[in-house]
Amino acid sequence: MYIYLFETLLYLSFALSAGYLLLEFVPKGLKPETNVPFRLFQLAAIGIPLFSFASIVRTSIILMDFAPQMSFWEVLLIVLNDYSFGRAWIMNFILGSALFMVISFNGLKHKPSKWIAVGIWLCMVFIHGYASHPASLSKTWGLLSQSLHVGAVSVWLGILILVAWFNKGNWNWKAFTRWYTPLSIVCMIIILIAGFVMMSIIIEVGYINSWGIDYGEALLLKHLLFIPLILLAFMNGILTKVYANGHNSRGLSSWLKAESLIAVLILITTAFMGIQEPPHETESEEAVASSLFKILHPNLVDLSLQWNWSFLGIGCFLMGAISIALLFTAYRRYKIGHFFTLSLIAVVFPFLGLLLSVK
């Protein structure tokens, strides 16, 4: 379980460092007043190599089963020297240390140091992409899609988290949304395109065929989580101008925090996916159905799945659709608890409905 936590913290480190750096370039009148601890930025910078080291340790422990005569430290050195993601971690450790020293030297008070920090951060994103699973399958498209995906998520989510959780004054909402809403839309488009490219690289057996194993189910859940996230992002970015014009600071802060929490759930799902065996790796051996899929289809033996409508699946879809429609009402009435409950229904019921609609 520890690896899921560290993977999630790794993505959060990328996001927090990106958000802090970008907000440093935005004039005060164009962003909400925040009080972000500088120590948080420093921890995020050093957290990238620190939390990514967990996957190195995990791989070393797994390899020890094949080389019982070797010590853990010997296997660890082999992973760092002979594996691409091991060498990539060494590079990110060096860059992470350099980023920590640059930002600690003068606190980003001068513009050259800000640009140096941005350059180091971008290099760390691409090195992370180089060490990723998609890049091992497709050097060019895998590297680009993973890097752009992580970069876009970090930019959009990092700013969101810092503004939502560390606001201490005037929101400057109109001025902020004037540039952040278009930026969020661009980031979301990049996330979707890069995500589909990675999916085409990793999932060779087909999207529906992947639903029978843990990786495919996590990917499906991740896609469904985007539904309430995108709707809430639309409400926060557009409807606040229509209904409250950004003046309800208490409500605005709560809804932005809710949006960031849903996004973190997607990061947790992504972290879970990163540890699972992708579908393409099971082609040479018999795929193992997930525990959930065995419960839903106890008599199913073959995981070559086909679409098959069922009354139970249709009922789940209807429940999800009704819940999605009610999200707008919950938002208008400032019912955050209702919104999260409806979001849960809007994700879980279609998730189960889709899994029940294959055979």
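These numbers come from the heavy atoms of this one structure, side chains and all, not from hydrogens, waters or symmetry mates.
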Got a list of side-chain donor-acceptor pairs under 3.5 Å for residues 121-129, not counting sequence neighbours?
{"from": "Trp121", "atom 1": "NE1", "to": "Phe14", "atom 2": "O", "distance (Å)": "3.4"}
{"from": "Trp121", "atom 1": "NE1", "to": "Ser17", "atom 2": "OG", "distance (Å)": "3.0"}

Starting at [atom1] of [X], measure out to [atom2] of [Y] and round the result to the nearest 0.5 Å.
X      : Y      : atom1 : atom2 : value
Ser184 : Ile230 : OG    : CD1   : 11.5 Å
Ile48  : Phe93  : CD1   : CZ    : 13.5 Å
Met64  : Phe72  : CE    : CZ    : 7.5 Å
Leu232 : Ser343 : CG    : OG    : 7.5 Å
Ser113 : Met101 : OG    : CE    : 14.0 Å
Ile314 : Leu356 : CD1   : CG    : 11.5 Å

Check your understanding: side-chain contact (heavy atoms from CB on, under 4.5 Å) between Glu259 and Leu229: does it pass, once the steps are laid out?
Key -> CA-CA 6 Å; Glu259 183 182 345; Leu229 176 65; 3.8 Å; yes

Minimum heavy-atom distance [X]-[Y], with the two atoms named:
X      : Y      : answer
Pro350 : Phe317 : O-CE2, 3.7 Å
Pro49  : Gly96  : CG-CA, 4.3 Å
Pro134 : Ile202 : CG-CD1, 3.7 Å
Ile336 : Ser254 : CD1-CB, 3.2 Å
Asn236 : Tyr331 : OD1-OH, 2.9 Å
Pro68  : Asp65  : CD-O, 4.1 Å

Give a yes or no on whether the backbone of [Y] and the side-chain of [X] come within a donor-acceptor separation of less than 3.5 Å.
X      : Y      : value
Tyr130 : Ala88  : no
Ser145 : Gly142 : yes
Thr177 : Lys174 : yes

Anything under 3.5 Å between a donor and an acceptor, one on a side chain of residues 261-271, the other on a protein residue two or more places apart or in another chain? List them.
{"from": "Thr269", "atom 1": "OG1", "to": "Leu265", "atom 2": "O", "distance (Å)": "2.9"}
{"from": "Thr270", "atom 1": "OG1", "to": "Lys222", "atom 2": "NZ", "distance (Å)": "3.3"}
{"from": "Thr270", "atom 1": "OG1", "to": "Ile266", "atom 2": "O", "distance (Å)": "2.8"}

With a 4.5 Å limit on heavy-atom distance, are the side chains of [X] and [Y] in contact?
X      : Y      : value
Val347 : Ile227 : no
Arg58  : Phe6   : no
Phe41  : Leu16  : no
Lys257 : Ser253 : yes
Glu7   : Phe272 : no
Leu256 : Asn167 : no
Leu5   : Phe51  : no
His223 : Met199 : yes

Does [X] belong to the same Ile/Leu/Val/Met/Phe/Trp/Tyr cluster as [Y], with side-chain heavy atoms less than 4.5 Å apart forming each link?
X      : Y      : result
Ile275 : Met198 : no
Val197 : Leu148 : no
Val186 : Val118 : no
Ile191 : Leu183 : yes
Val57  : Val75  : yes

[X] atom [atom1], neighbour heavy-atom count above 12 within 6.0 Å:
X      : atom1 : answer
Tyr83  : OH    : no
Trp307 : CH2   : yes
Phe38  : CZ    : yes
Trp179 : CH2   : yes

Point to revise | Candidate pair Val163 and Tyr180, rule side-chain contact (heavy atoms from CB on, under 4.5 Å), full reasoning | key: CA-CA 11 Å; Val163 167; Tyr180 181 66; over 6 Å; no

Enumerate donor-acceptor pairs with a distance under 3.5 Å from any side-chain N or O in residues 150-162 to protein atoms, sequence neighbours excluded.
{"from": "Ser154", "atom 1": "OG", "to": "Val150", "atom 2": "O", "distance (Å)": "2.7"}

Practice item. For ring-ring contact (aromatic ring centres under 6.0 Å, His included), just list the numbers for Phe85 and Trp89, CA-CA rounded to whole Å, side-chain angles, deciding distance to a tenth of an Å, and then say yes or no. Key: CA-CA 6 Å; Phe85 61 88; Trp89 180 85; over 10 Å; no

Practice item. Tell me, please, which residues at least two apart from Met319 pass side-chain contact (heavy atoms from CB on, under 4.5 Å). Key: Ile345, Phe349

Exercise for review: Check the pair Val358 / His297 against side-chain contact (heavy atoms from CB on, under 4.5 Å), numbers first and verdict last.
Suggested key: CA-CA 9 Å; Val358 294; His297 300 275; 4.2 Å; yes

Exercise for review: With sequence neighbours excluded, give me every salt bridge (charged side-chain N to carboxylate O under 4.0 Å, His left out) pair touching residues 76-103.
Suggested key: none

Exercise for review: Could you give me the CA-CA distance, side-chain angles and deciding distance for Trp171 and Phe176, then say whether ring-ring contact (aromatic ring centres under 6.0 Å, His included) is met?
Suggested key: CA-CA 8 Å; Trp171 279 94; Phe176 174 63; 7.8 Å; no

Practice item. Dump the intermediate steps for side-chain contact (heavy atoms from CB on, under 4.5 Å) on Trp255 and Phe339, then the final yes or no. Key: CA-CA 10 Å; Trp255 285 118; Phe339 189 94; 3.7 Å; yes

Pairs of donor and acceptor atoms involving the side chains of residues 18-33, under 3.5 Å and at least two apart or interchain, shall be tabulated with distances.
{"from": "Lys31", "atom 1": "NZ", "to": "Leu23", "atom 2": "O", "distance (Å)": "2.5"}
{"from": "Lys31", "atom 1": "NZ", "to": "Val26", "atom 2": "O", "distance (Å)": "3.2"}
{"from": "Glu33", "atom 1": "OE1", "to": "Asn170", "atom 2": "N", "distance (Å)": "3.4"}

